[in-house]
Each structure stands twice: as C-alpha cells, then as structure tokens.
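We use all heavy atoms of the structure for the numbers below, so side chains are in, but hydrogens, waters and symmetry mates are not. The structure displayed is predicted, hence computed values, not measured ones.
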Amino acid sequence: MNKVILMGRLTRDPEVRYTQSGKVVCQFTLAVDRFTTNQEGQREADFITIVVWGRIGELCGNSLTKGQRALVEGRLQIRSYEAKDGSGKRWVTEVIANTVQFIDRKPTGSSNQEQDSSKGEMESFGSPVAFDEEIPF
C-alpha cells in the first residue's frame, strides 16, 4: 500500500499550470516538521513537493498562500527523467495528492478591527489556542 498523510506549511504560493491537453496541475512545497530535534534543540523540517491534479489543484492554486497550513493525503511517487544538458538521469520524489484540507484561513488583507467585527457570535469567545500548545484544562 502506498499512502502518505502530511501536515505542514507552504513554503511559497502554489504554482498552477495547464497541460497541453488542458488538464490543471498545481504544485507546491510543504515544510513538514520532524518529531525529533537537532543537537541545538531546534526542530528540523523536510521540504516535500506536492502535486495536485484537476479541480482540487485549481482550488489549491486559488485558496492557498505561502505560510498557510495544509493537510495532504496522497501517494508517494518517484520518477526519473533525462537532464536537458545531457548530464544523465535525474530522480524526483513527490507526493501526488488525492485530498488537500486547508487548515488555516486565507488572509483577507483587511485590518484586525474589521476582522474582529465580522466574527460570528461564537467566534468572539476566548482566545484561540495554537495547534502545538496544550489545552489548559
């Protein structure tokens, strides 16, 4: 079975292209934190290329931006190609996504006051707890 589930942050805005046959393909890099820390006590990350086809790819291109968190489910693919300069075969490892869930909301570009006034009744209670923090009860 070949199944990959990753959660991380986009390192840059997604790139959307169209194939010659008109199919949509979206590509972005996800920075995924490792469970372990290095010798300095800092967390390291792996930078994984994600490829999304079709309508989901189009939605990713329109909805995701650099720094947002995303949850990706898909399969690992390793492919090769000949380098254009004739220097030999190159290998590419990437995740072909089946589903992408947007964890963070896309920034609206408006001020914090405008965002606070547009919150729903239930969203105005309490302060948000960061994902990595422990819930205080």
J.: Salt bridge or not for Glu94 and Arg79, using N-O below 4.0 Å?
T.: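 Here Glu94 pairs with Arg79 in a salt bridge, since their nearest N and O are under 4.0 Å apart.
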J.: Quick one: does Val51's side chain get under 4.5 Å of Val25's, heavy atoms only?
T.: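 Side chain of Val51 against side chain of Val25, heavy atoms only: contact under 4.5 Å found.
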J.: Nearest 0.5 Å, please: how far is OG1 in Thr29 from CD1 in Ile48?
T.: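 The distance works out to 9.5 Å.
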J.: Would you say that Val95 contacts Leu6 through its side chain, given a criterion of any heavy-atom pair below 4.5 Å between the two side chains?
T.: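 The answer is yes; the side chains approach within 4.5 Å.
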J.: If every non-hydrogen atom of Leu30 is compared with every non-hydrogen atom of Met7, which pair is closest and at what distance?
T.: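 Taking Leu30 first and Met7 second, the nearest heavy atoms are CD2-C, 4.5 Å.
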J.: Apply salt bridge (charged side-chain N to carboxylate O under 4.0 Å, His left out) to Asp13 and list each qualifying residue two or more places apart in sequence or on a separate chain.
T.: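 Here no residue qualifies.
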J.: With heavy-atom distances below 4.5 Å as the criterion, would you say the side chains of Val24 and Trp53 are in contact?
T.: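 A side-chain contact under 4.5 Å is absent here.
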J.: Nearest 0.5 Å, what's the OG1-NZ distance between Thr11 and Lys66?
T.: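 Reported to 0.5 Å precision, the distance equals 8.0 Å.
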J.: Donor-acceptor check, side chain of Arg43 to backbone of Arg34, threshold 3.5 angstrom: yes or no?
T.: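 It does hold such a pair.
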J.: Determine whether Leu64 and Phe102 make a side-chain contact, defined as any pair of heavy atoms from C-beta on separated by less than 4.5 Å.
T.: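 They are in side-chain contact.
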J.: Minimum heavy-atom separation for Leu76 and Thr93, please, with both atom names.
T.: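 So the minimum-distance heavy-atom pair works out to CD1-CG2, 3.7 Å.
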J.: Are any non-hydrogen side-chain atoms of Leu10 and Arg12 less than 4.5 angstrom apart?
T.: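 No, every pair of side-chain atoms sits at 4.5 Å or beyond.
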J.: Once rounded to the nearest 0.5 Å, what's the spacing between atom CG of Asn98 and atom CD1 of Ile56?
T.: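 Separation between the atoms: 7.5 Å.
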J.: Starting from the C-alpha separation in whole Å, work towards a yes-or-no answer on side chain to side chain contact (heavy atoms under 4.5 Å, CB included) for Leu71 and Ile5.
T.: CA-CA 7 Å; Leu71 179 69; Ile5 300 173; 4.0 Å; yes
J.: Restricting to non-hydrogen atoms, name the atom on Arg75 and the atom on Asn2 that form the minimum distance, rounded to 0.1 Å.
T.: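 Minimum heavy-atom contact is CB-O, 3.6 Å.
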J.: For residues Cys60 and Cys26, report the shortest heavy-atom separation together with the two atoms involved.
T.: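 Shortest heavy-atom contact: CB-SG, 3.9 Å.
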J.: Examine Val32 and Ile50 and state if one hydrophobic cluster contains both, with Ile, Leu, Val, Met, Phe, Trp and Tyr joined whenever side-chain heavy atoms are less than 4.5 Å apart.
T.: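 Yes; tracing contacts between hydrophobic side chains, which count when under 4.5 Å, links both residues.
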J.: Work out which heavy atom in Ser63 is nearest to a heavy atom in Gln68; give both atom names and the distance.
T.: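 Answer, listing the atom of Ser63 first, then Gln68: O-OE1, 3.2 Å.
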J.: Can any side-chain N or O of Arg69 pair as donor or acceptor with the backbone N or O of Ile103 at less than 3.5 Å?
T.: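 A pair under 3.5 Å: no.
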J.: Where is the tightest heavy-atom contact between Val16 and Gly57, given as atom of each residue plus distance?
T.: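 Smallest heavy-atom distance, with atoms named: CG2-O, 4.3 Å.
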J.: Residues in salt bridge (charged side-chain N to carboxylate O under 4.0 Å, His left out) with Glu58, at least two apart?
T.: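 Counting only residues at least two positions away or on another chain, Glu58 forms a salt bridge (charged side-chain N to carboxylate O under 4.0 Å, His left out) with Arg55.
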J.: How about Glu40: does its CD atom have over 12 heavy atoms from other parts shown lying under 6.0 Å from it?
T.: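 More than 12 within 6.0 Å, yes.
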J.: Should Val52 and Phe28 count as side-chain neighbours, where that means a heavy-atom distance under 4.5 Å?
T.: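 Contact flag for Val52/Phe28 side chains = yes.
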J.: I'd like to know if the side chain of Glu15 pairs up with that of Gln27 as donor and acceptor (distance under 3.5 Å, no hydrogens or angles considered).
T.: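 Result is no, nothing qualifies.
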